[in-house]
Amino acid sequence: MFSDAADEAISDEVVDRVGRGSLYVALLAAWTAMMGSLYFSEIRGFVPCELCWVQRILMYPLAGIIALGVLRQDVHLPYLVLPFSLIGQGVSTYHYLLQKTDLFAARACTVGVPCSATWINWFGFVTIPFLAMVAFLVITLAMLVALSQGVPDPEDHRPQWHRRELVPVAGVAIFSLAWYSALALNQATAGPTAEPSTFEPAPLRGPLTPAGEDPMALLEGERLYQEVCASCHGMDGRGLPGLGNSLVDSPFVRERSEEELVAMVRAGRPADAPDNRSGVAMPPSGGRPDLTDEQLGAIVRVIRAWNP
Ligand code: HEC
């Protein structure tokens with residue numbers, strides 16, 4: 001039979017192991033989320049929207065806070081982390097609903113990339129806010145597990161630097177950095193090096209409706225253009241610095257048929273595509289995978305009308 005003291009020692013050890021393990025799960029999630037978001041913006045050239053920035057502001061400090069908390073085996077770490085992860089959870093869930101549903105008709109973001117723009121859509125549901133949502137959820141759950149292990153008496157459990165945590169914590173950081181560097185290196189050697197974002201200014205475009213075009217169809221195309229494309233290519237189609245180039249007086253548009261342009265817009269343009277001139281990526285369908293070929297066709301006819 002175990003003595004009470006031995007029982008206590010064993011349960012202490014289990015508590016310690018579960019609690020410690022969950023802190024490492026949170027650490028790994030925070031570092032993966034941080035490096036992943038840097039990968040999307042810095043390597044893939046996806047421009048972060050306003051809501052993306054809010055989530056970054058909540059996630060990036062956690063990479064440091066959790067690392068320090070693990071090193072000091074601070075039993076109060078969940079109280080520091082949960083406010084960040086729970087708010088992050090709310091923001092990323094809102095962001096995901098904005099992308100995938102019509103619950104929030106009014107757009108939260110009006111400047112730059114629309115928050116509803118979809119850069120990736122793996123398996124039809126995994127978007128960047130979805131990944132953030134998962135990361136915040138993993139961190140929240142890990143903190144709840146750590147909390148459920150019971151907070152030992154702070155008197156005999158004062159946080160202090162633990163040397164045994166140094167190697168695994170540094171390991172997580174180095175692993176994430178190495179993974180990021182490998183992707184960056186891969187991009188640098190594979191794709192043509194993108195030049196700094198210099199979108200050529202274009203002259204003002206002429207009248208919208210050229211002879212022979214149906215004005216009503218053009219009107220619908222113009223409405224969709226303003227809704228989907230204008231945030232990057234400008235209300236007047238003349239481009240916005242660092243977001244999208246000019247579609248007016250554009251040899252690219254002029255040289256292509258309607259079908260070719262619809263296919264190009266449908267596919268978007270990765271930052272490392274051979275014909276990308278700015279190193280900034282365009283999301284597939286301008287970030288709106290729900291647009292039909294007819295709708296893209298209507299938009300493309302408007303753009304072609306700017307390039308007689
Ligand atoms: C999130 C920003 C963004 C949105 C939204 C967007 N684009 Fe783009 N678009 C870009 C970027 C960036 C490029 C590539 C610039 C480069 O190659 O350097 C581009 C390139 C293009 C090109 C090729 C132009 C050329 O000269 O090579 C066309 C055509 C185009 N977009 C049409 C559209 C249409 C139509 C929509 C709306 C359905 C749209 N874009 C929405 C950012 C965007």
Side-chain angles (χ1 to χ4, degrees), residues 40-53 95 98-99 107-121 127-129 191-203 205 208 217-218 220-307:
F40 282 133
S41 67
E42 303 312 301
I43 302 183
R44 298 284 297 274
F46 300 170
V47 184
C49 71
E50 284 175 32
L51 281 177
C52 296
W53 275 108
H95 194 180
L98 203 68
Q99 275 186 335
R107 296 278 187 76
C109 311
T110 46
V111 194
V113 179
C115 292
S116 50
T118 302
W119 288 100
I120 61 164
N121 197 21
T127 65
I128 294 177
T193 34
E195 285 165 31
S197 168
T198 44
F199 294 122
E200 66 277 18
R205 65 175 199 243
L208 181 64
L218 276 177
E220 172 62 1
E222 172 88 7
R223 188 188 67 75
L224 284 168
Y225 173 86
Q226 296 301 343
E227 192 181 307
V228 182
C229 323
S231 51
C232 293
H233 291 287
M235 306 256 287
D236 57 0
R238 292 164 71 219
L240 292 172
L243 289 168
N245 58 349
S246 175
L247 302 176
V248 178
D249 227 8
S250 154
F252 180 89
V253 174
R254 200 170 293 135
E255 286 159 12
R256 275 161 188 79
S257 69
E258 192 177 312
E259 289 72 28
E260 285 171 327
L261 285 171
V262 167
M264 179 264 147
V265 175
R266 175 70 75 206
R269 183 180 283 168
D272 60 352
D275 51 357
N276 192 306
R277 298 183 295 281
S278 61
V280 183
M282 168 167 152
S285 304
R288 282 279 302 273
D290 58 300
L291 290 182
T292 63
D293 280 349
E294 286 69 43
Q295 287 171 316
L296 287 185
I299 299 175
V300 160
R301 278 194 293 282
V302 170
I303 294 169
R304 275 165 55 86
W306 298 340
N307 296 275

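Counting convention: from 1, in listed order, for ligands and their atoms alike.
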Option of least heavy-atom distance to [atom] (set: [options]):
| atom | options | value |
| --- | --- | --- |
| atom 43 (C) of ligand 1 | Cys232, Pro270, Ser231 | Cys232 |
| atom 16 (C) of ligand 1 | Ser278, Pro251, Gly45, Gly239 | Ser278 |
| atom 29 (C) of ligand 1 | Leu247, Leu291, Thr118 | Leu247 |

Tell me, with the steps shown, if Arg254 and Asp249 meet salt bridge (Lys or Arg N to Asp or Glu O under 4.0 Å). CA-CA 8 Å; Arg254 200 170 293 135; Asp249 227 8; 2.8 Å; yes
Run the numbers for me: atoms of ligand 1, each under 4.0 Å from some heavy atom of [X], listed by number.
| X | result |
| --- | --- |
| Leu243 | 2 (C), 10 (C), 11 (C), 12 (C), 42 (C) |
| Val280 | 12 (C) |
| Phe252 | 23 (C), 24 (C), 25 (C), 26 (O), 27 (O) |
| Val228 | 5 (C), 37 (C), 38 (C) |
| Arg277 | 16 (C), 17 (O), 18 (O), 25 (C), 26 (O), 27 (O) |
| Val265 | 32 (C), 34 (C), 35 (C), 38 (C) |

Using a heavy-atom cut-off of under 4.0 Å, does the side chain or the backbone of [X] touch ligand 1, or both, or neither?
| X | result |
| --- | --- |
| Ala281 | backbone |
| Ile299 | side chain |
| Asn276 | both |
| Asn245 | side chain |
| Ile303 | side chain |

Quick one: side-chain contact (heavy atoms from CB on, under 4.5 Å) partners of Thr118, sequence neighbours excluded? Gln99, Asn121, Thr127, Pro289
With sequence neighbours excluded, tell me which residues meet side-chain contact (heavy atoms from CB on, under 4.5 Å) with Pro48. Ser41, Cys52, Trp53, Arg56
Does the side chain of Gln295 come within less than 4.5 Å of Arg288's, by heavy atoms? no
So is Pro283 touching ligand 1 or not, going by heavy atoms under 4.0 Å? yes
Aromatic plane relationship, Phe40 with Phe46 - under 30° parallel, 30 to 60° tilted, over 60° perpendicular: parallel
Give, rounded to 10 degrees, the angle between SD (Met282) and NE2 (His233) as seen from atom 8 (Fe) of ligand 1. 180°
